[in-house]
Amino acid sequence: MRILLSGVLLGFSLLACTSQSKTPPPSDRSTSQDTVDVLDASQLDAFGFSSNDVEVEERTIKRNESLYLILDKLDFSPREIFSISNKAQKLVDLKSMRPGQRYHIYTESDTVSSPDRIVWQKNEMEYVVFDWQQDSLEVYKAVRPLYTETSVTSGTINNSLYQTISHNGGSPLLAQKMAKIFGWQVDFFSIRSGDSFKTLYENRYVDDEFYGVGDVLAAELRHRDKLFRAYYFSSGEIEGFFNEEGESVQRALLKAPFEYDHRISSPFSKNRMHPTLNRRRPHNGVDYAAPYGTPILSTGSGVITRAGYRGASGNMVQVKHNRTYQTAYLHLSKFAKGIRPGVHVDQGQVIGYVGSTGRSTGPHLHYEVKRNNRAINPLTMDLPSSTSIPDSMMAEFKEVKKAYEQQLDSQGGEAGEEGVITYNMSGR
Ligand SMILES: [Zn+2]
């Protein structure tokens, strides 16, 4: 893992160096201004504007601050603001202006005139320009280019995949994505020391600045000496992760209703001594001991059929996944936003939070799976695979798979061998 980590750090510091060399420090810029007539790329800012003889002030939109208030503070008259807002509204939803977003005010140096230009950054990528340089206002939207590079990372798990990746400075999101891919086939929470992984995934950059982890393209997981492989494939109606034979690795339900490991405090049982009632009754689900407030995930996509308080069940959510399967989540402290009967939920979506409502002795989740209205053991149930790649697309799939395998192998070996990150920049 150490080798892997140094690969990550080296990669990022190299990129940081690149961005520094593109933007010289302000002192360099002011001394070279007299001698440099031709603009070179180093004098253009992140939005492609020249920084010669211009003062740029960066501000952050505050709570309750609207375009009106921002322009008012810059001494625009109410009439001007009205016409600016009118013009802008036709192009961009001004309600998407939110606190925390940044904007940049460009003013000619050594003047007390009103701004030449305002750039409102909607997010890392999208921005809106208000430009007065031609005497009349121009408003337009633009996007900073997003670059993706594919990276390979691998390692041996010390305790859990999440801890191994995040403890070593990797993005927890990558662990989450891996868990989503393999969460169907492998009891992901039984992953332990000695298991290993290898993954080909995207990192995204805007102007050499790390923007986030993109999609996982291929992944290998060696779990208890069994090797699982998954390749991302999308064509026409088909989309998802498939094994080498083109079978979907996705099942109808996730193995557990949590993102990370939680101890099972009471298993599914046909004849259990009930902890508070003190008599034998079937336990129709699995109890997970989890801290109060832990997010609970819907194990499959479907429609909420119940979301409310029901006696001994306390706050409970029930999801109908298809004609055969339903799942239920009991004793919640509260429901996630928007969770009510009739609402569609995606697999892995947070539907509520662990609590101890109803007949319960402490914070835990009672999780139930019903097949044709009969409770079954979620830990041992056998679920069918989802759609496989049709024969007509197999040739295409094999091409994609081969390309991913070559990238995975560029590092040599199968899952388990420590590796460095490889870079492969590609514009988008
Ligand atoms: Zn229970």
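Not measured: the values here are computed from a predicted model. One-based numbering, in listed order, for ligands and for the atoms of each. Here, residue 1 is the first one in the sequence, and each next residue gets the next number.
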Above 12 or not: heavy atoms from other molecules or residues under 6.0 Å from OH of Y309?
yes
Between D215 and R204, is the closest basic N to carboxylate O distance under 4.0 Å?
yes
Compute the ring centroids of F210 and Y205, then answer whether they are less than 6.0 Å apart.
yes
Kindly state whether the ring of F49 and the ring of Y106 have centres lying under 6.0 angstrom apart.
yes
At a threshold of 2.8 Å, where the distance has to be below it, does the Zn ion (ligand 1) have an N, O or S atom of H283 nearby?
yes
Metal check, the Zn ion (ligand 1) vs H331 N/O/S, cut-off below 2.8 Å
no
Report the atom name of the nearest N/O/S atom of H366 relative to the Zn ion (ligand 1).
ND1
Check D287 and report its N/O/S atom nearest to the Zn ion (ligand 1), by atom name.
OD1
